[in-house]
Amino acid sequence: MKLIIAIIKPFKLDEVREALTEIGVAGMTVTEVKGFGRQKGQTEIYRGAEYSTNMVPKIKIEVVCAADLAAKVVESIQASANTGAIGDGKIFVLDVGQAVRIRTGETDETAL
């Protein structure tokens, strides 16, 4: 099993969710996060005053899937989250040692 973590622009969430649903991803966890990379923050205007923030709002998506589906999940996220502009985000793939469904006690891929 693999844990795929994607950091994307907030307005791309619906497109990514639809793309993942099409390839058979049954669930995901979505978190609103803030951070910075090469964008180095941004300048915003609030009530007529310009101010600079060093943290950019992003969305973090976490998907656990079977190892043989991981490459397809990464491709789908990359294709659907891509705008071609700086700050499109990152995708990380990690190994998952065990998964347990709390309600039934099912383990590993059957728990997904």
Side-chain angles (χ1 to χ4, degrees):
M1 292 178 301
K2 300 287 184 179
L3 168 62
I4 299 164
I5 301 170
I7 309 296
I8 64 169
K9 291 183 175 184
F11 67 89
K12 286 297 206 169
L13 177 60
D14 286 336
E15 289 178 51
V16 171
R17 185 189 53 78
E18 289 170 12
L20 292 176
T21 301
E22 285 177 17
I23 63 168
V25 171
M28 68 178 73
T29 301
V30 176
T31 311
E32 293 180 10
V33 296
K34 291 183 179 189
F36 73 93
R38 291 186 180 160
Q39 282 180 289
K40 304 285 191 259
Q42 61 188 8
T43 301
E44 295 182 5
I45 298 176
Y46 178 71
R47 293 189 179 187
E50 185 175 310
Y51 68 98
S52 181
T53 176
N54 57 2
M55 295 292 175
V56 181
K58 298 286 185 180
I59 295 290
K60 179 168 87 169
I61 299 171
E62 296 170 294
V63 176
V64 179
C65 64
D68 58 343
L69 185 60
K72 204 168 188 179
V73 170
V74 170
E75 282 178 30
S76 292
I77 294 171
Q78 185 177 7
S80 58
N82 185 14
T83 67
I86 193 168
D88 274 352
K90 298 271 191 300
I91 302 172
F92 307 98
V93 181
L94 295 85
D95 290 322
V96 174
Q98 183 180 18
V100 178
R101 181 173 299 185
I102 294 173
R103 179 176 54 87
T104 62
E106 293 171 300
T107 59
D108 300 329
E109 290 184 18
T110 58
L112 302 179

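In what follows, every heavy atom counts, from backbone to side chain, and hydrogens, waters and symmetry copies are set aside. If you read the sequence from its start, that first residue is 1, and numbering goes on from there.
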**OP:** Begin with the C-alpha distance, continue with both residues' side-chain angles, and end with the deciding distance and a verdict on side chain to side chain contact (heavy atoms under 4.5 Å, CB included) for Lys2 and Leu94.
**Re:** CA-CA 6 Å; Lys2 300 287 184 179; Leu94 295 85; over 6 Å; no
Please find the pair of heavy atoms, one from [X] and one from [Y], that lie closest to each other, and give the distance.
X      : Y     : result
Ala6   : Ile77 : CB-CG2, 3.8 Å
Ala111 : Ala99 : CB-O, 3.9 Å
Val63  : Val25 : CG1-CG1, 3.8 Å
Ile4   : Cys65 : CD1-SG, 3.8 Å
Ser80  : Lys12 : O-NZ, 3.5 Å

Quick one: does any side-chain atom of [X] pair with a main-chain N or O of [Y] as donor and acceptor, under 3.5 Å?
X      : Y      : answer
Thr104 : Glu106 : yes
Lys58  : Gly87  : yes
Asp88  : Thr83  : yes

Original post:
Is Met1 reachable from Leu69 through a run of hydrophobic residues whose side-chain heavy atoms are each under 4.5 Å from the next?
Top reply: no
Original post:
Same cluster or not: are Val96 and Val74 linked, directly or through other Ile, Leu, Val, Met, Phe, Trp or Tyr residues, by side-chain heavy atoms under 4.5 angstrom apart?
Top reply: no
Spatial distance of atom [atom1] ([X]) from atom [atom2] ([Y]) [nearest 0.5 Å]:
X     : Y      : atom1 : atom2 : result
Glu75 : Ile91  : CD    : CD1   : 10.0 Å
Leu3  : Phe92  : CG    : CZ    : 11.0 Å
Ile23 : Ser76  : CD1   : OG    : 3.5 Å
Met28 : Arg17  : CE    : CZ    : 7.0 Å
Gln98 : Thr107 : CD    : OG1   : 6.5 Å
Glu15 : Glu18  : CD    : CD    : 7.5 Å

Any side-chain heavy-atom pair from [X] and [Y] closer than 4.5 angstrom?
X      : Y      : result
Ile5   : Lys60  : yes
Ile61  : Ile8   : yes
Thr110 : Leu112 : no

Subject >> Chi angles and distances behind the side chain to side chain contact (heavy atoms under 4.5 Å, CB included) call for Ile59, Val30 >> reply: CA-CA 7 Å; Ile59 295 290; Val30 176; 3.5 Å; yes
**OP:** Would you indicate whether Glu62, at its atom CD, is surrounded by more than 12 heavy atoms from other residues, nucleotides or ligands within a distance under 6.0 Å?
**Re:** yes
